[in-house]
Structures are given as structure tokens and as C-alpha cells.
K.L.:
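Dropping a structure here in C-alpha cells format, bear with me for questions.
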Amino acid sequence: MPERKGTRFPAERIADLIQALAGRGYQVIGPTVRDGAVVYEEIADSRDLPRGWGDRQEPGRYRLERRADTAWFGYHLGPQSWKRHLFPSQSRLFAAARQDGSFRILDGAEKPAEPPRAFLGVRACELAAIAAQDKVLLDGAFRDALYAARRNGIFVVAVNCTAPAPTCFCASLGTGPEAPAALCDIVLTEVVNDSGHWFLAEAAGARGAGVLEQLGAAPCSEDDWRRAASAIGAAAQSQTRRVDCERVREALDTAFEDERWDAVALRCLACGNCTMVCPTCFCTTIEDSSDVGGARAERWRRWDSCFTASFSYIHGGSVRTSVKARYRQWLTHKLATWIDQFGTPGCVGCGRCITWCPVGIDLTAEAQALCRDKDDGSTVA
């Protein structure tokens with residue numbers, strides 16, 4: 001392993017890390033337990049973290065449960081992604097009021113919350129999701145001003161994943177479980193074993209180095225690096241679900257009339273859960289509203305889903321009237337045409353769409369079935 005610089009500190013000092021970030025003016029957003037799930041909300045200190053909590057995830061099933069240890073980040077991913085803090089589910093674009101016989105614009109786009117924020121506990125697949133949304137909303141032809149304002153200045157503390165859920169498949173997509181230092185300010189690896197409970201911390205850039213220096217943590221040893229690398233490697237090896245994106249992309253090119261779409265449509269409820277929990281989906285709709293007297297009007301942007309009947313509505317009706325067509329659009333865009341648009345898949349392997357699908361539809365199983373159909377020639381081109 002090439003020489004890397006890092007520090008080691010006892011697990012209890014995660015409280016000092018939170019206070020160091022708060023002391024620099026950051027509003028710290030991190031994992032906490034609420035309504036039977038781990039969600040990302042503002043945290044004041046380490047007592048807000050889900051210490052000792054884990055969860056059991058399967059297709060269509062999520063339950064919190066206590067761990068046998070006191071790991072701070074021993075949970076798998078919950079229903080929320082960091083998208084809700086960067087690209088909120090609803091944003092007011094402007095308001096207008098009737099004045100002197102005409103409408104006057106009262107304000108512009110809704111301003112993001114102040115002060116600047118620090119994200120604590122970001123997993124590797126979630127870093128990949130943020131990078132994917134950056135490509136769409138920052139680097140594309142249509143830069144989103146609201147997203148750019150919220151994204152600017154975020155301090156990111158990533159945590160390497162050492163215990164993925166059974167629904168995870170980030171390793172097959174190259175988006176985890178190890179968090180790339182280039183996409184964050186600090187990378188933590190939590191180690192809980194017979195030798196103790198501690199964090200290995202690596203800074204990426206001056207901001208991260210400054211925070212770790214303030215903690216006064218001791219330099220880590222080669223043995224510390226080996227233990228951390230072993231835990232991350234075991235996490236990658238434990239994943240049983242996989243997606244070969246290039247192979248799936250080739251299969252989808254000829255799968256428009258594959259009978260598999262009919263089979264999955266019989267199960268799919270078109271509820272949109274998969275798109276709501278997905279950390280990369282970015283589709284929205286615009287809604288205008290006014291008060292009863294017509295004196296005030298507002299324009300809002302809200303999340304939308306390609307599973308809704310109105311999503312593809314044009315003059316005369318919706319383009320995709322069947323559940324089959326909507327599911328086909330979603331999966332094809334996620335694993336194939338997204339690559340044509342943005343150069344990477346629209347999936348990061350977090351597995352949320354599998355866990356939070358009410359009927360347990362498994363994206364990886366559907367992708368593999370389409371590949372098998374292509375290999376055995378049963379696809380109808």
C-alpha cells in the first residue's frame with residue numbers, strides 16, 4: 001500500500017469533530033433516528049447520532065434494530081439521501097401580488113438556509129450520487145441556480161462503508177464502498193473489533209486538514225491502515241447483488257419489446273417510491289397557485305417522477321399510459337441513456353429502490369433478466 005497520511009482518534013471524540021465543525025460556523029447535518037428510520041437532519045452533538053443502531057434491509061423491508069456494539073455509523077442507508085438538502089423536494093421560485101391593477105414580482109428564487117452546512121456521515125455511493133447531480137445541475141447546459149447556491153461551500157465528512165446492506169451493489173458499479181478523498185474534505189473509517197473502537201481519519205485538502213489538526217489526533221500506523229483496508233475490502237466482497245452496466249446497456253438497446261417488461265408491470269404499483277428515494281433522480285414539475293381572491297400567486301418547483309401518468313403529458317394526453325412503459329423508461333434511462341447524456345450511469349448501487357419498493361422489485365434482478373433474454377435470443381427486437 002502506498003504511503004498515506006492519516007490520524008487515529010478514539011470513537012468518543014466524534015463529539016469533538018462535530019464541535020470543531022460547529023465552531024467554524026457550519027450547521028452540521030448528520031444521521032439521526034427519527035420515525036423508525038435513520039434520516040439526515042441537523043445535529044447539535046454526538047448524542048444525536050444513531051449510536052448502536054443498525055437496520056435490517058431486504059427487498060420491500062426496512063427495520064431498525066440494535067447492534068451488539070456501539071458503532072456510531074453501523075447503520076445502512078435510510079430512505080433519505082443528501083439530495084433533500086441540496087435539491088429540496090419543493091422550492092418556491094417566486095411570488096407575485098396584485099398592486100395598482102397589475103401583478104408585481106415580490107421576490108426571486110427561495111434562498112438556501114444559512115449558515116453554510118457540513119455533511120457528516122456521507123457514504124461512498126452518496127458521494128457518487130452528489131457528483132452525478134453536479135453533472136446534471138451544475139455542469140450541464142442548464143445550470144440550476146438554486147442547486148448551485150446550496151451546493152457551494154458544503155464541507156463533507158465521508159464515512160467508509162464497512163457493513164453494506166444485502167440490497168447494496170455499489171462495488172459492481174465502482175461507486176463504493178471506499179469513499180474517494182477527492183470528493184470530500186475528510187474521510188473516516190470506523191473500526192470496531194476486539195482491539196477497541198476508533199476512527200482512522202484522512203484529510204483531503206486544507207479545510208479537512210485544519211479540522212483534524214484542531215482535534216490533535218495521533219498519526220495512524222501501517223497496521224491501522226491495514227485494519228481499515230481489510231474492513232472496506234470485506235464490505236466489497238460481502239455484496240451479492242451486482243450490475244454489469246455495459247452488458248445491461250447493450251441488452252437494453254434491443255429490449256424495447258421484451259416480455260420481461262410485462263412481467264414487472266404486473267407487480268409495479270407505479271407509486272414512485274423508487275424515484276423519491278433515489279439519490280440521483282432530478283425530474284421536477286412546476287406548479288402555480290394563488291389565493292382565493294386572486295391577490296397573490298406563487299410558483300413552486302416540486303419533485304416529479306417518471307412513474308406518474310402526468311409526467312409525460314403533452315397536448316392530447318400522456319405519452320406513457322401504461323405501467324410497463326413507465327418502468328421501461330425509468331430503468332432504461334437509469335442504466336443506459338443516462339450514460340449517453342452525462343457519461344456515467346444514473347445508478348450508484350445504493351439499493352434504496354430495492355428496499356423501499358412496496359412489492360420488493362429488485363433492479364439488479366430485472367437487469368440480469370434482460371441480459372439473459374438477450375443472451376438466449378428471447379428478446380423481441
Side-chain angles (χ1 to χ4, degrees), residues 5-35 37-53 70-75 77-78 80-88 110-124 126-127 129-130 134 146-161 179-192 197-220 279:
K5 294 182 179 180
T7 58
R8 169 178 168 160
F9 59 87
E12 291 72 18
R13 296 207 63 194
I14 194 72
D16 297 331
L17 174 59
I18 295 172
Q19 293 309 310
L21 293 170
R24 291 168 182 254
Y26 290 107
Q27 176 191 38
V28 182
I29 309 294
T32 191
V33 173
R34 183 170 299 175
D35 298 328
V38 173
V39 297
Y40 300 139
E41 299 287 354
E42 181 178 1
I43 59 175
D45 54 48
S46 61
R47 289 174 296 181
D48 294 326
L49 295 175
R51 187 177 193 182
W53 281 104
T70 57
W72 297 99
F73 300 96
Y75 59 92
L77 297 179
Q80 296 180 350
S81 70
W82 300 98
K83 181 175 71 173
R84 67 182 296 265
H85 294 286
L86 297 173
F87 193 61
E110 201 173 47
K111 295 181 180 180
E114 296 293 344
R117 289 160 298 164
F119 290 171
L120 172 65
V122 185
R123 302 299 173 94
E126 297 181 307
L127 286 173
I130 293 173
D134 285 351
L146 289 177
Y147 181 85
R150 287 179 169 272
R151 180 74 173 90
N152 183 47
I154 297 292
F155 190 104
V156 177
V157 180
V159 174
N160 285 321
C161 184
L183 297 179
C184 49
D185 296 283
I186 295 174
V187 181
L188 301 178
T189 305
E190 184 173 22
V191 178
V192 187
H197 186 185
W198 48 275
F199 284 100
L200 186 152
E202 184 178 12
R207 292 199 308 177
V211 171
L212 291 182
E213 184 178 352
Q214 182 177 338
L215 292 183
C220 63

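Note that the structure is predicted; figures quoted are calculated from it, not measured.
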K.L.:
Is there a donor-acceptor contact under 3.5 Å from the side chain of D185 to the main chain of V157?
P.N.:
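No.
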
K.L.:
Could you tell me whether the side chain of R117 and the main chain of E42 form a donor-acceptor pair under 3.5 Å?
P.N.:
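Checked: no pair found.
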
K.L.:
CZ of R24 to CD of Q214: how many Å apart, nearest 0.5 Å?
P.N.:
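Going from the CZ atom of R24 to the CD atom of Q214 covers 5.0 Å.
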
K.L.:
Return the CH2 to OG1 distance between W198 and T189, rounded to the nearest 0.5 Å.
P.N.:
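Output value for this atom pair is 8.0 Å.
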
K.L.:
Run the side-chain contact (heavy atoms from CB on, under 4.5 Å) check on V156 and L183 step by step: do they pass?
P.N.:
CA-CA 8 Å; V156 177; L183 297 179; over 6 Å; no

K.L.:
Provide the closest heavy-atom pair for A204 versus C184 in the form atom of the first, atom of the second, distance.
P.N.:
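So the minimum-distance heavy-atom pair works out to CB-O, 3.3 Å.
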
K.L.:
Please answer whether the main-chain N or O of L49 pairs with a side-chain N or O of W72 as donor and acceptor at a distance below 3.5 Å.
P.N.:
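Pair absent, no side-chain N/O of W72 close to backbone of L49.
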
K.L.:
Mind jotting down which residue pairs meet the ring pair (Phe, Tyr, Trp, His ring centres under 6.0 Å) criterion with at least one end in residues 13-32? Sequence neighbours excluded, please.
P.N.:
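Every pair satisfying ring pair (Phe, Tyr, Trp, His ring centres under 6.0 Å) with a residue in residues 13-32: Y26-F155.
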
K.L.:
Yes or no on side-chain contact (heavy atoms from CB on, under 4.5 Å) for E41 and R84, after CA distance, side-chain angles and deciding distance?
P.N.:
CA-CA 10 Å; E41 299 287 354; R84 67 182 296 265; 3.4 Å; yes

K.L.:
Please report the interatomic distance CD1(I18) to OG(S46), rounded to the nearest 0.5 Å.
P.N.:
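Reported to 0.5 Å precision, the distance equals 5.5 Å.
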
K.L.:
Which atoms form the tightest heavy-atom contact between N160 and A179, and what is the distance?
P.N.:
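Shortest heavy-atom contact: OD1-N, 2.6 Å.
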
K.L.:
What do the steps show when you test I130 against I154 for side-chain contact (heavy atoms from CB on, under 4.5 Å), and what is the final call?
P.N.:
CA-CA 11 Å; I130 293 173; I154 297 292; over 6 Å; no

K.L.:
Using atom types as modelled and distance alone, determine if a side-chain donor or acceptor of R13 lies under 3.5 Å from a backbone N or O of L215.
P.N.:
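Checking the backbone N and O of L215 against the side chain of R13, a donor-acceptor pair under 3.5 Å is found.
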
K.L.:
Give a yes or no answer on whether the side chain of Q80 reaches the backbone of Y40 with a donor-acceptor pair at less than 3.5 Å.
P.N.:
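Looks like yes, one N/O pair under 3.5 Å.
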
K.L.:
For E190 and F199, which heavy atoms make the closest approach, and how far apart are they?
P.N.:
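Distance-wise, the nearest heavy atoms are CB-CE2, 3.4 Å.
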
K.L.:
Which heavy atom of V38 sits nearest to which heavy atom of P50, and what is that distance?
P.N.:
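The pair with the smallest heavy-atom distance is CG2-CB, 4.3 Å.
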
K.L.:
Roughly how far, to the nearest 0.5 Å, is CD1 of I29 from CG of L21?
P.N.:
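Nearest 0.5 Å value for the CG-CD1 distance: 11.5 Å.
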
K.L.:
Any idea which heavy atoms bring G121 and V159 closest together, and the distance?
P.N.:
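The answer is CA-CG2, 3.7 Å.
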
K.L.:
Mark yes or no for whether R150, through its side chain, and F87, through its backbone, hold a donor-acceptor pair below 3.5 Å.
P.N.:
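The answer is no, because no donor-acceptor pair under 3.5 Å joins these two groups.
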
K.L.:
List the atom of F9, the atom of A217, and the distance in Å for their closest heavy-atom pair.
P.N.:
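Smallest heavy-atom distance, with atoms named: CB-CB, 4.0 Å.
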
K.L.:
Anything under 30° is parallel, anything over 60° is perpendicular, the rest tilted; go ahead and classify F119 against W82.
P.N.:
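Answer is parallel, since the angle falls under 30°.
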
K.L.:
Around atom CD of E213, are there more than 12 heavy atoms of other residues, nucleotides or ligands at under 6.0 Å?
P.N.:
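Result for CD/E213: open.
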
K.L.:
Where do K83 and E126 land on the side-chain contact (heavy atoms from CB on, under 4.5 Å) test, with the steps shown first?
P.N.:
CA-CA 9 Å; K83 181 175 71 173; E126 297 181 307; over 6 Å; no

K.L.:
A22: which residues meet the side-chain contact (heavy atoms from CB on, under 4.5 Å) condition with it, sequence neighbours left out?
P.N.:
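So A22 forms no side-chain contact (heavy atoms from CB on, under 4.5 Å) with any residue.
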
